[in-house]
Amino acid sequence: MTNPARVRVAPSPTGDPHVGTAYMSLFNKALADTTGGQFLLRIEDTDRSRYVADSEQQIFDALAWLDLTPHEGPHVEGPVGPYRQSERLPKYKEAAEQLLKEGKAYKCFCTSERLATLRKIQQAEKSKHIGYDGLCRGLSEDEVKAKEAAGESFVVRFKMPREGDIQVEDFFRGTLKFTAAEQQDAVLLKTDGFPTYHLAMAVDDHAMGITHVIRAEEWIPSLPLHFELYRAFGWEAPVFAHMPLLRNKDKSKISKRKNPTSLLWYRDAGFLPEALRNFLSLMGFSMADDQEIFSYEEFLKQFKLEKVNIGGPIFDLQKLHWLNGEYIRALEPTELEKRLVEYVKLLMHREKEFADLPEEELPTEQFLRDFEQKRRTRSRVLAQLAPQMMTAYETNPKLMLPIIPLIRERMHTLGEAADYLPMFFSDEFSYTPDDFVQKKCTLEQAKTALGAMREIVESADFNDPEAAHAQMDETSRAKAEELGMKLGPFLGPVRMAITGSKVSPPLMESMLVLGKDETLKRLDNAIAKLA
RNA sequence: GGCCCCUUCAUCUAAUGGUUAGGAUACGGCCCUUUCAAGGCCGCGAUACGGGUUCGAAUCCCGUAGGGGUCACCA
């Protein structure tokens, strides 16, 4: 049996909650949950210039939305807090002083101007080693004192070993070998007294009892630094497991311009959290029996860190789209009703956010481009419909449920409800007579069909929906045949009259949901329009 | 460019040295059908390349190529 793992995710509150944070959270939490350990959230807010005020709350909400709530964190009381680095400053200062005292770090008075110039020269010379040249590493005690006395500001840099190799184990890759001489003396403490990520991470992971650092591959280059930092403090290093990076379609690291990265985007587009979570677990992991749709609990039954596939997976929105549709269809109608109502409320009063994107800002990838355009239109439709829909729903709570079975197998995202929902709440259609002329249906035939359908509806008993459906279906077929038409073309104008569109949920069912009066009204409206 | 990582269908992936290289998405076709879907069936489609090791390699080793990450007082 494995020992309980204490793991963490450590995002910085610099913007929208990132899909990569969710991805890392999922695998970290899975390790904690399969070993009886804990998954912590630590906020890495040591960069004051990039700090975004409500970002932290967003991160927490997004994780909760995905049901990946941490066991400990700023919002969940835990034994090793605070879980916000800005509240742990003395610990970092103390750690830096310890290294300073032991001669494992040094004060560096180089200005950012000198550093910039240095970098420029190195680049111009095509120098192999680009980075800090270690100038202040050789400063004598007196020189340091003099500079301090003169009020020169300084950073604290770590003395990296300069000879030999630095070998570090990666859980997936085995031993990773780095040349010490190529490493640089990283900054541990900035001029403003805040630690850099490197120092804070080591201090906190140690203090918080972190056993496994499961993080993205992009951290591998700083692995030797982190390892040496642990060594300098005399602490046992955690297990490092570098997960692959989520990728854009062109295989580059997932980025805003090429792929939605904000978890808020997925929520706003109407993806279900459990579907997104499921999809994310498919990135680098697969179930033994080829199962692709599974709950978190099922995932845990098979989860093993060593089963993770390390090749960088491309985030395929199209597959998520399919998976989300599967989840929507698997929902109980009452549950889907609930989600839909919540979703519509979420969009309410937000029309302005969903204005069309100018051509040049649209993503270039075809599927995403189309989806994003439609998504904005749909969001606007629902946002506008929301007030009257909610009023109608609150007046008559039984309104929504019968609609669900008609629309759910046509949806892949909650947002796609916008394509089918409006007709149930409004009969103000913008059709023209031309819209009634369709394939294999002339204007005259359309008029006749509408009139015929009016009679059919009139004589149906809507109080017995099943019988009414059967009867309307039967008589429609008979009437169509009598008119020498196929059923499809015969129903075309009727569909336009009832739904205002050539594409809609099944007609008879829709009419039954609308009720006899409304159905007749709509038929009359259409007949009047064509007169 | 230096360093490091990665490499099975277009995409996500399976295959503990022996499989007709399997599944899913997407795509194409057929069926179902009241439009659109959903669903069912069928099809298309991969071990990057070159050397080894081995009776036998997608699998182990070496090289090449390609892709990616990273080179901040950001994380």
Side-chain angles (χ1 to χ4, degrees), chain A residues 10-14 44-47 49-50 108 110-112 115-116 119 122-123 126-132 153-157 170 172-173 176-179 182-184 186-192 194-198 200-201 216-224 242 244-245 247 249-253 279 282-293 309-316 318-323 325-326 329 367 407-412 416 419-420 438-439 473 476-477 480 486-492 494-496 499 501-509:
Chain A
S12 57
T14 51
E44 310 242 331
D45 54 350
T46 55
D47 185 351
S49 63
R50 293 206 307 159
C108 169
C110 294
T111 60
S112 41
L115 263 20
R119 212 172 301 133
Q122 287 169 335
Q123 272 161 2
K126 301 207 168 165
S127 170
K128 285 195 173 182
H129 303 316
I130 295 175
Y132 185 58
S153 60
F154 63 86
V155 300
V156 175
R157 283 186 188 271
D170 174 82
F172 300 114
R173 289 158 254 254
L176 265 27
K177 211 158 94 177
F178 303 87
T179 308
E182 288 167 0
Q183 306 302 315
Q184 354 176 352
V187 172
L188 299 181
L189 221 50
K190 305 181 232 180
T191 324
D192 63 4
F194 275 64
T196 58
Y197 166 82
H198 309 293
M201 174 227 70
E217 194 179 11
E218 58 184 329
W219 292 106
I220 290 181
S222 54
L223 186 56
H242 292 92
L245 243 17
R247 313 291 187 102
K249 211 151 205 147
D250 64 5
K251 300 200 187 221
S252 57
K253 168 164 99 169
F279 180 70
L282 251 17
M283 305 277 89
F285 184 86
S286 70
M287 300 288 264
D289 46 5
D290 282 334
Q291 195 184 351
E292 298 214 272
I293 302 177
N309 178 333
I310 231 178
I314 289 167
F315 191 100
D316 183 1
Q318 211 166 354
K319 184 154 184 175
L320 171 60
H321 189 250
W322 161 78
L323 188 63
E326 294 292 312
R329 263 164 265 123
F367 180 82
I407 66 173
R408 74 164 175 177
E409 61 196 30
R410 271 150 259 266
M411 297 163 58
H412 296 88
E416 284 162 43
D419 299 348
Y420 309 104
Q438 297 174 19
K439 228 182 272 174
D473 188 78
S476 296
R477 282 172 202 281
K486 294 238 182 209
L487 188 60
F490 174 77
L491 293 177
V494 179
R495 187 180 307 282
M496 184 57 67
T499 73
S501 169
K502 286 179 185 172
V503 176
S504 82
L507 244 195
M508 311 295 176
E509 284 88 337

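Throughout, protein chains are lettered first and strands after them, A, B, ... in sequence-line order, and every chain is numbered starting at 1. If you're wondering where the values come from, they're calculated on a predicted model, not measured in any experiment. The basis for the numbers below is simple: all heavy atoms, side chains too, and nothing from hydrogens, waters or symmetry mates.
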Do any side-chain nitrogens or oxygens of A/Ser504 fall under 4.0 Å of OP1 or OP2 in B/C36?
-> no

Under 4.0 angstrom, heavy atoms only, what part of the nucleic acid is A/Leu491 near: base, sugar-phosphate, or nothing?
-> base

Please write out each protein N/O paired with an N/O of nucleotides 23-32 of chain B under 3.5 Å, distance rounded to 0.1 Å.
{"residue": "B/A24", "atom": "O4'", "partner": "A/Glu292", "partner atom": "OE1", "Å": "2.9"}
{"residue": "B/A24", "atom": "O2'", "partner": "A/Glu292", "partner atom": "OE1", "Å": "2.3"}
{"residue": "B/A24", "atom": "N3", "partner": "A/Lys319", "partner atom": "NZ", "Å": "3.2"}
{"residue": "B/A26", "atom": "O3'", "partner": "A/Gln318", "partner atom": "NE2", "Å": "3.2"}

What nucleic acid atoms does A/Pro506 come within less than 4.0 Å of, heavy atoms only: base, sugar-phosphate, or nothing?
-> base

Round to a whole Å and report the spacing from CZ of A/Phe285 to P of B/A14.
-> 9 Å

Could you give the distance separating B/C4 and B/C62 at their P atoms, to the nearest angstrom?
-> 14 Å

d(CG, A/Asp250; P, B/C6) in whole Å | 21 Å

Side-chain donor-acceptor contact under 3.5 Å, A/Glu416 with A/His321 | yes

So, is A/Arg477 near the phosphate of B/U34, with a side-chain N or O under 4.0 Å from OP1 or OP2?
-> yes

Examine the base of B/C36 for any acceptor or donor lying under 3.5 Å from a partner atom in the side chain of A/Arg410, and report the outcome as yes or no.
-> yes

Using a heavy-atom cut-off of under 4.0 Å over every strand shown, decide if A/Gly284 touches base, sugar-phosphate, or nothing.
-> sugar-phosphate

Is a salt bridge present between A/Arg173 and A/Glu217, judged by a nitrogen-to-oxygen distance below 4.0 Å?
-> yes

Hey, does A/Asp473 reach any base, or is it just sugar-phosphate, or nothing, if we go heavy atoms under 4.0 Å?
-> base

Could you write nucleotides 70-75 of chain B as a row of B, S and -, 5' to 3', where a protein heavy atom under 4.0 Å of any base atom gives B, of only sugar-phosphate atoms gives S, and otherwise -?
-> SSSBBB

Checking all strands, does A/Lys177 fall into the base, sugar-phosphate, or nothing category for heavy-atom contacts under 4.0 angstrom?
-> sugar-phosphate

Sugar-phosphate only, base, or nothing, as touched by A/Leu507 at under 4.0 Å among non-hydrogen atoms | base

Ring centroid separation A/Tyr197 to A/Trp219 under 6.0 Å | yes

Taking only side-chain nitrogens and oxygens of A/Arg329, does any of them come within less than 4.0 Å of OP1 or OP2 of B/G39?
-> yes

Using a 4.0 Å heavy-atom cut-off across all strands, classify A/Met508 as base, sugar-phosphate, or nothing.
-> base

Testing B/A37, B/U35, B/G39 for proximity to the side chain of A/Glu409, the answer is B/A37

Side chain of A/Pro313 (C-beta onward), nearest among B/C5, B/U35, B/C12 = B/C12

Nearest 0.5 Å please: distance from the CZ atom of A/Phe154 over to the OG1 atom of A/Thr191.
-> 9.0 Å

Looking across every strand, which nucleic acid part, if any, lies under 4.0 Å from A/Lys251 by heavy atom: base, sugar-phosphate, or nothing?
-> sugar-phosphate

